[in-house]
Amino acid sequence: MPKEYKTIREVVGPLMLVDHVENVKYDELVMIRQATGEERIGKVLEIDGDRALVQLFDSSQGLKISDAKAMFLGRGIEIKLAPEILGRVFDGMGRPIDGGGEIIPKKNADINGTPLNPVARDYPSEFIETGISAIDGLNTLVRGQKLPIFSGSGLPHSKLAAQIARQAKVKGKEETFAVVFAAIGITFEEADFFIRDFQKSGAIERSVLFMNLANDPAIERIATPRMAITCAEYLAYELNMHVLVILTDITNYAEALREVSAARKEVPGRRGYPGYMYTDLASLYERAGRIKGKAGSITQIPILTMPEDDKTHPIPDLTGYITEGQIILSRELNLKGIYPPIDVLPSLSRLKDKGIGAGKTREDHSETMNQLFAAYARGKEAKELSTILGEAALSDTDKLYSRFATQFENKYVQQGYNEARSIETTLTVGWKLLTILPKSELKRISLDKIAKYLPAVE
């Protein structure tokens, strides 16, 4: 039976100090009950001897500490799990908000989970088709990978997240695929957009949605991604599903971390974020992957908006150290009206070579990818040169590369919001673009591949 304490000493903002406590654990849930019968929930942030510092999930407004009791529940925040969670919409604390009633749990799981044992990890090696050429063709997503999207404020990362969630699938295999989508600190309009998009396209049937709104408490924002990942672990390792976890926006999560840290009067690190932010982000990202002997897998796409489009800001900087690459959205491409505005040159998927080739995508994938990268990079250089010196300064070959770069952005990167391209379509579009260049320039593709695939698109 949980023990009640009438020793609440003080409340400052969302923080509450309880004296003379026994056997209390870090992260333990606390129920605060007033004489009126009103209840509030909090969690233990810090323990110092027989004193516990508690963070309230709700505002402390109207809380009378003279007649309030604190009850320590002996467990952390838990989520109810059952196969019926698929197709459901929850708030940031795992409470249903779709009118579908409570989940009857098969199990209750602590959302803090445990990191994967590195020895038990299996190497990611299977291709996930997102239907987006700039990702599938050039920065391929592999099952079990962590591949963040770095965006800027005002760029269409929400649309891209919804499109990936709707289109992503495991290619050519009859394996169950699910999407766990966690929206962190978003506006009501954004939440409405995501829920409607999932329902309209039917993607909701294989998805679990967690919606944490901007006006929800900061402590709830810290719980939301952990709710989603715990849910993904259940689907992957107990129901043998392949799960794609999309977390948007990690920047709002980090801001909540900073807010809680400031309330605890901790010594701030870079730009006011807590010094343990790297460890904290790693505790989220490192729960993705594949486990030897388990059929399921968890692939993560965290999305974050870079403050002032600064790649060196602590949030994208630390995320880049932990994850296996990044997809970068470009403001310049967005201003040209190109969607999705993925800047393929600074983008990188470190595991792409493990998920492409014969039997996974197609035998020509690796060589055409390298050729497209090289040609686009040279084409951009030629365009910059013509801006400075005029087009007359370009050689005939440079003019072809300049034309290639323009066509590449308009035909390969650009695609419709409802357009899901198969990997074969993406490769064909790439080959068609390469016909702009003379065969002598295709130095990164073997002659037998050129003879086999080039005539088919000419």
Side-chain angles (χ1 to χ4, degrees), residues 25-27 75-83 85-86 94 105-128 140-148 168-171 173-182 206 208 210 223-247 250 253 276-302 318-326 348-357 359-360:
K25 300 192 292 291
Y26 172 70
D27 256 351
R75 59 180 173 82
I77 305 171
E78 292 182 340
I79 181 171
K80 295 175 180 175
L81 295 170
I85 54 176
L86 282 169
K106 288 269 173 32
K107 68 176 285 191
N108 289 337
D110 189 315
I111 64 163
N112 293 301
T114 50
L116 289 185
N117 181 341
V119 179
R121 278 184 180 274
D122 211 353
Y123 206 88
S125 64
E126 290 148 308
F127 169 63
I128 288 180
T140 314
L141 180 64
V142 180
R143 216 188 286 175
Q145 185 176 6
K146 309 175 284 289
L147 186 63
K169 61 177 187 281
V170 177
K171 186 172 164 53
K173 293 187 179 178
E174 292 302 311
E175 291 175 329
T176 44
F177 189 79
V179 174
V180 176
F181 188 95
R206 54 159 192 171
V208 187
F210 291 88
T224 304
R226 291 181 167 80
M227 287 271 170
I229 294 166
T230 306
C231 171
E233 287 169 344
Y234 173 73
L235 295 173
Y237 305 135
E238 298 199 23
L239 301 186
N240 297 325
M241 301 178 86
H242 295 289
V243 187
L244 177 64
V245 180
I246 299 176
L247 307 171
I250 291 293
Y253 170 83
Y276 53 78
M277 190 164 79
Y278 179 87
T279 316
D280 195 280
L281 289 172
S283 75
L284 295 180
Y285 300 147
E286 289 297 346
R287 286 169 73 181
R290 304 194 61 196
I291 297 178
K292 289 173 186 166
K294 299 266 187 183
S297 64
I298 297 176
T299 308
Q300 257 188 38
I301 300 184
L318 297 178
T319 295
Y321 282 120
I322 305 164
T323 54
E324 293 113 12
Q326 68 277 330
L348 167 71
S349 168
R350 292 193 182 97
L351 300 179
K352 65 187 173 197
D353 294 333
K354 304 289 181 274
I356 62 175
K360 292 178 180 177

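The basis for the numbers below is simple: all heavy atoms, side chains too, and nothing from hydrogens, waters or symmetry mates.
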Notebook entry, point to check: Side chains of R206 and T176: is there a donor and an acceptor less than 3.5 Å apart?
Noted result: no
Item checked: Stepwise side-chain contact (heavy atoms from CB on, under 4.5 Å) test for N112 and Y26 -> CA-CA 12 Å; N112 293 301; Y26 172 70; over 6 Å; no
Next item on the list: Report the distance from atom CG of L284 to atom CD1 of I229, rounding to the nearest 0.5 Å.
Entry: 4.5 Å
Notebook entry, point to check: What is the minimum heavy-atom distance between A223 and I77, and which atoms define it?
Noted result: CB-CD1, 4.3 Å
Next item on the list: Would you give the length of the straight line joining atom CG of D280 to atom OH of Y253, rounded to the nearest 0.5 angstrom?
Entry: 3.5 Å
Check: To the nearest 0.5 Å, what is the distance between OG1 (T299) and CG (L351)?
Finding: 10.5 Å
Next item on the list: Could you check Q300, Q326, E324 and say which one makes a side-chain hydrogen bond (donor to acceptor under 3.5 Å, both in side chains) with K146?
Entry: E324
Next item on the list: Locate the shortest heavy-atom distance separating G94 from F210; write the atom from each residue and the value.
Entry: CA-CE2, 4.2 Å
Check: Roughly how far apart are F177 CZ and M241 CE, rounded to 0.5 Å?
Finding: 9.5 Å
Margin query: When you measure from the side chain of R350 to the backbone of T323, do you find a donor-acceptor pair of N or O atoms at a distance under 3.5 Å?
Written below: yes
Margin query: Rounded to the nearest 0.5 Å, what separates atom CG in N240 from atom CG in L235?
Written below: 10.5 Å
Item checked: From CA spacing to verdict: side-chain contact (heavy atoms from CB on, under 4.5 Å), E238, K106 -> CA-CA 11 Å; E238 298 199 23; K106 288 269 173 32; over 6 Å; no
Notebook entry, point to check: Hey, does D110 have a side-chain heavy atom less than 4.5 Å from the side chain of R75?
Noted result: no
Note to self: So does S125 get a backbone contact from the side chain of K360, meaning a donor-acceptor N/O pair under 3.5 Å?
What the structure shows: yes
Next item on the list: Please test R287 against T230 for side chain to side chain donor-acceptor pair (under 3.5 Å), starting from the C-alpha separation and ending with a verdict.
Entry: CA-CA 9 Å; R287 286 169 73 181; T230 306; 3.0 Å; yes
Next item on the list: Quick one: closest heavy-atom pair of L247 and A228, and the distance?
Entry: CD2-CB, 4.3 Å
Check: Going by an N to O cut-off under 4.0 Å, is there a salt bridge joining E286 and R121?
Finding: yes
Note to self: Rounded to the nearest 0.5 Å, what separates atom OH in Y123 from atom CZ in R143?
What the structure shows: 16.0 Å
Checklist line | Check: R290 main-chain N/O paired with S297 side-chain donor or acceptor under 3.5 Å | finding: no
Note to self: Quick check: do P124 and K354 have side-chain heavy atoms less than 4.5 Å from each other?
What the structure shows: no
Next item on the list: Check the pair I85 / I79 against side-chain contact (heavy atoms from CB on, under 4.5 Å), numbers first and verdict last.
Entry: CA-CA 11 Å; I85 54 176; I79 181 171; over 6 Å; no
Notebook entry, point to check: Taking everything shown except Y321 itself, do over 12 heavy atoms lie less than 6.0 Å from its OH?
Noted result: no
Check: Can you name the closest pair of heavy atoms from L244 and L141 and give their distance?
Finding: CD1-CD2, 4.3 Å
Check: Considering all heavy atoms of both residues, which atom of Y237 and which atom of G289 are nearest to each other, and what is their separation?
Finding: OH-O, 3.2 Å
Next item on the list: Mind listing the closest non-hydrogen atom pair of L81 and C231 along with its distance?
Entry: CD2-CA, 3.9 Å
